[in-house]
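A quick write-up on the structure given underneath.
Residue numbers run from 1 in the order of the sequence given.
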Amino acid sequence: ETIIDFSVSCNPFGPPPGIREVLSNTPIDCYPDSESSELKQSLARKLNIGSDNLIIGSGSTELIRLAAIAYFGHGDLVLIPQPTYGEYEIACHLVDAQVLKQPMLKEANFQLNTAETVDLIQRHQPKGIFLCNPNNPTGQYLTEEKAKHIMSIAKDSLVILDEAYIAFTESAWTSSDLVNQGNLVILRSMTKDYALAGLRLGYAIAAEPVISVLKRAQPPWNVNAAAQKAGVLALSADDYLEESKVKIQETKDFLLRELTCLGLSPLPSQTNFFLIEVGNAAKFRLDLLKKGFLVRDCTSFGLPDYIRLAPRTLPECQKLIEAIKETRVYSHAC
């Protein structure tokens with residue numbers, strides 16, 4: 001409780017009002033609805049799609065594994081641009097699928113080279129493709145034009161488009177319009193949107209035949225009753241996400257400005273979190289941890305010189321900047 005956590009990229013402003021009351025009144029002596037029917041109907045109305053195009057999961061990570069279990073098997077090739085969320089590769093290894101990695105280069109600010117992606121698809125014909133958009137940990141966001149181009153080439157692949165951070169992304173485009181092509185699974189995270197990390201809640205959008213296949217791998221009662229009720233209430237909090245997004249942008253701008261003044265150059269990012277090159281990321285993390293602040297050492301992403309930061313409240317961000325100043329000698333250039 002004494003640590004201020006900048007390492008996770010969830011909404012830092014807490015769950016919508018009323019969540020705790022819902023949790024206290026949720027019956028726990030009955031099994032939850034395996035279909036998450038009420039939540040699914042609420043989501044369908046919110047997204048203006050059919051409920052047959054939805055499947056609810058215990059966080060989007062469960063849905064990553066469901067997709068791998070349902071669609072990939074021994075020896076299947078799956079394309080995963082790197083660096084990115086490590087659970088894609090873990091899910092592939094669980095089903096003994098082979099991973100084809102496409103490096104995203106530092107020199108291009110880790111933007112995806114879609115021409116290279118298209119070439120890899122045409123040469124290797126992968127069974128699946130994972131695209132994290134915006135990408136974790138780099139914050140880079142693939143445009144609609146580039147995503148559609150990849151989809152047009154990957155007609156024989158299952159494309160898993162992970163939009164866990166889409167709620168906090170600048171100028172986001174509507175990907176759900178593409179699901180009728182039949183080879184796309186879109187993943188979203190209510191955990192991150194609504195600060196429900198302790199409950200775990202996510203969903204996937206896809207064409208009905210794809211949802212049917214995913215359901216075959218779905219465990220019964222996979223989403224607990226409290227998470228389902230919290231999700232329904234969160235969706236009814238109409239202004240919550242937009243207000244959170246505005247406040248997150250303000251605190252992100254503060255961090256970017258102050259870090260740049262300290263000579264720490266954050267990389268461009270289209271979402272709430274961003275990378276900073278700090279030299280020895282493990283040492284930087286440890287130095288700040290001793291002062292009560294946790295940042296994400298990106299060594300596990302293959303980026304030992306980088307940390308990832310996600311903004312919190314303005315007072316917490318101000319304290320972080322002061323701690324960084326105390327941890328090392330920085331000349332304030334602004």
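- Of the possible donor and acceptor atoms, one in the side chain of K245 sits under 3.5 Å from a partner among the backbone N and O of T169.
- Note: D177 CG to I205 CD1 = 10.0 Å, rounded to the nearest 0.5 Å.
- A donor-acceptor distance shorter than 3.5 angstrom exists from the side chain of Q125 to the backbone of I121, with no hydrogens or angles considered.
- The shortest non-hydrogen separation linking Q140 to N109 is NE2-O, 3.2 Å.
- Geometrically, K252 does not engage F274 in a cation-pi contact, judged by NZ or CZ lying under 6.0 Å from the ring centre and within 45° of the ring axis.
- With rounding to the nearest 0.5 angstrom, the CE atom of M190 is 8.0 Å from the CD1 atom of I56.
- The structure places CD of E87 at 11.0 Å from SG of C92, a figure rounded to the nearest 0.5 Å.
- Between the Q270 side chain and the N133 main chain, no donor and acceptor come within less than 3.5 Å of each other.
- In terms of heavy atoms, A204 sits closest to L187 at CB-CD2, 3.8 Å.
- A distance-only check finds no donor-acceptor pair linking the side chain of R308 to the backbone of C298 [under 3.5 Å].
- Linking ILVMFWY residues whenever their side-chain heavy atoms come closer than 4.5 Å, directly or via other members, places I153 and M151 in the same cluster.
- Here the side chain of S269 pairs a donor or acceptor atom with the backbone of T271 at under 3.5 angstrom.
- In this structure, CG in L66 is found 6.0 Å from CD1 in I55, a value given to the nearest 0.5 Å.
- Tracing side-chain contacts under 4.5 Å through hydrophobic residues (I, L, V, M, F, W, Y), one never reaches V179 starting from L158; they form parts of separate clusters.
- Under the 4.0 Å criterion applied to side-chain N and carboxylate O atoms, R123 and D119 are assigned as salt-bridge partners.
- Heavy atoms only, all atoms of each residue included: P12 and T313 are closest at O-CG2, 4.3 Å.
- Checked by atom type, the side-chain pair E38/Q228 shows no donor-acceptor distance below 3.5 Å.
- Between P83 and T138, the closest heavy-atom pair is CG-CG2, 4.1 Å.
- Looking only at distances, a side-chain donor or acceptor of N280 sits under 3.5 Å from a matching main-chain atom of A282.
- Not one N or O on the side chain of S36 forms a donor-acceptor pair closer than 3.5 Å with the backbone of L39.
- The aromatic rings of F130 and Y88 lie parallel to each other, their planes meeting at an angle below 30°, with 60° marking the opposite boundary.
- Heavy-atom neighbours of K155 NZ from other residues, nucleotides or ligands within 6.0 Å: at or below the threshold of 12.
- Under 3.5 Å, the side chains of D253 and Q249 contain a donor-acceptor pair of N or O atoms.
- The distance from the CG atom of L288 to the CZ atom of R285 is 10.0 Å, given to the nearest 0.5 Å.
- Within a 6.0 Å radius of CG in D156, other residues, nucleotides and ligands contribute 12 heavy atoms or fewer.
- Taking OG of S42 as the start and CG of L54 as the end, the distance is 11.0 Å to the nearest 0.5 Å.
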For side-chain contact (heavy atoms from CB on, under 4.5 Å), just list the numbers for E243 and F13, CA-CA rounded to whole Å, side-chain angles, deciding distance to a tenth of an Å, and then say yes or no.
CA-CA 10 Å; E243 290 171 358; F13 296 104; over 6 Å; no

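- The minimum heavy-atom distance linking L255 with P311 is given by the pair CD1-CA, 3.8 Å.
- In this structure, R188 fails the cation-pi test against Y203, since its NZ or CZ atom is not both closer than 6.0 Å to the six-membered ring centre and inside 45 degrees of the ring normal.
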Audit row: E35, K40, side-chain contact (heavy atoms from CB on, under 4.5 Å) steps and yes/no:
CA-CA 8 Å; E35 288 290 324; K40 192 183 295 183; 3.0 Å; yes

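- Side chain of S60 to main chain of G202: no donor-acceptor pair is present (N/O by atom type, distance under 3.5 Å, no hydrogens or angles).
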Give the C-alpha distance, both sets of side-chain angles, the deciding distance and a yes or no for side-chain hydrogen bond (donor to acceptor under 3.5 Å, both in side chains) between E116 and Q102.
CA-CA 8 Å; E116 184 179 53; Q102 179 191 353; 3.0 Å; yes

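- Side-chain N/O atoms of Y240 and N11 include a donor and acceptor closer than 3.5 Å.
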Set out, in order, the CA-CA distance, both residues' side-chain angles and the distance that settles side-chain contact (heavy atoms from CB on, under 4.5 Å) for V223 and D33, then state yes or no.
CA-CA 8 Å; V223 180; D33 174 11; over 6 Å; no

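- None of D162, N272, I166 except one satisfies the side chain to side chain contact (heavy atoms under 4.5 Å, CB included) rule with P134; the exception is I166.
- No continuous path of hydrophobic side-chain contacts links V278 to L303 [ILVMFWY only; heavy atoms under 4.5 Å].
- With hydrogens and angles ignored, the 3.5 Å screen pairs a side-chain donor or acceptor of S189 with a backbone N or O of K192.
- Ion pairing of E250 with K247 is absent here, as no side-chain N (NZ or NE/NH1/NH2) approaches a carboxylate O to less than 4.0 Å.
- For R257, the CZ atom counts as densely surrounded, since its 6.0 Å shell holds more than 12 non-hydrogen atoms of other residues, nucleotides or ligands.
- For Y141 and Y165, the gap between ring centers reaches or exceeds 6.0 Å.
- For the pair L131/P81, a side-chain contact is recorded, criterion being any heavy-atom separation below 4.5 Å from C-beta on.
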Determine, stepwise, if the pair N222 / E62 fulfils side-chain hydrogen bond (donor to acceptor under 3.5 Å, both in side chains).
CA-CA 9 Å; N222 64 318; E62 180 189 42; 3.0 Å; yes

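- Closest approach of A230 to I19, counting heavy atoms only: O-CD1, 3.4 Å.
- A donor-acceptor contact shorter than 3.5 Å links the side chain of D76 to the backbone of G73.
- Between Y194 and S244, the side chains place no donor N or O within less than 3.5 Å of an acceptor N or O (distance only, hydrogens not considered).
- Inspection of the S175 and E163 side chains reveals an N or O donor paired with an N or O acceptor under 3.5 Å.
- Between the side chains of E277 and S265, no donor-acceptor pair is found at a separation under 3.5 Å.
- Other residues, nucleotides and ligands contribute at most 12 non-hydrogen atoms within 6.0 Å of the CD atom of E145.
- Residue V295 is grouped with residue I321 when hydrophobic side chains (ILVMFWY) are merged at heavy-atom distances under 4.5 angstrom, including chains of intermediate members.
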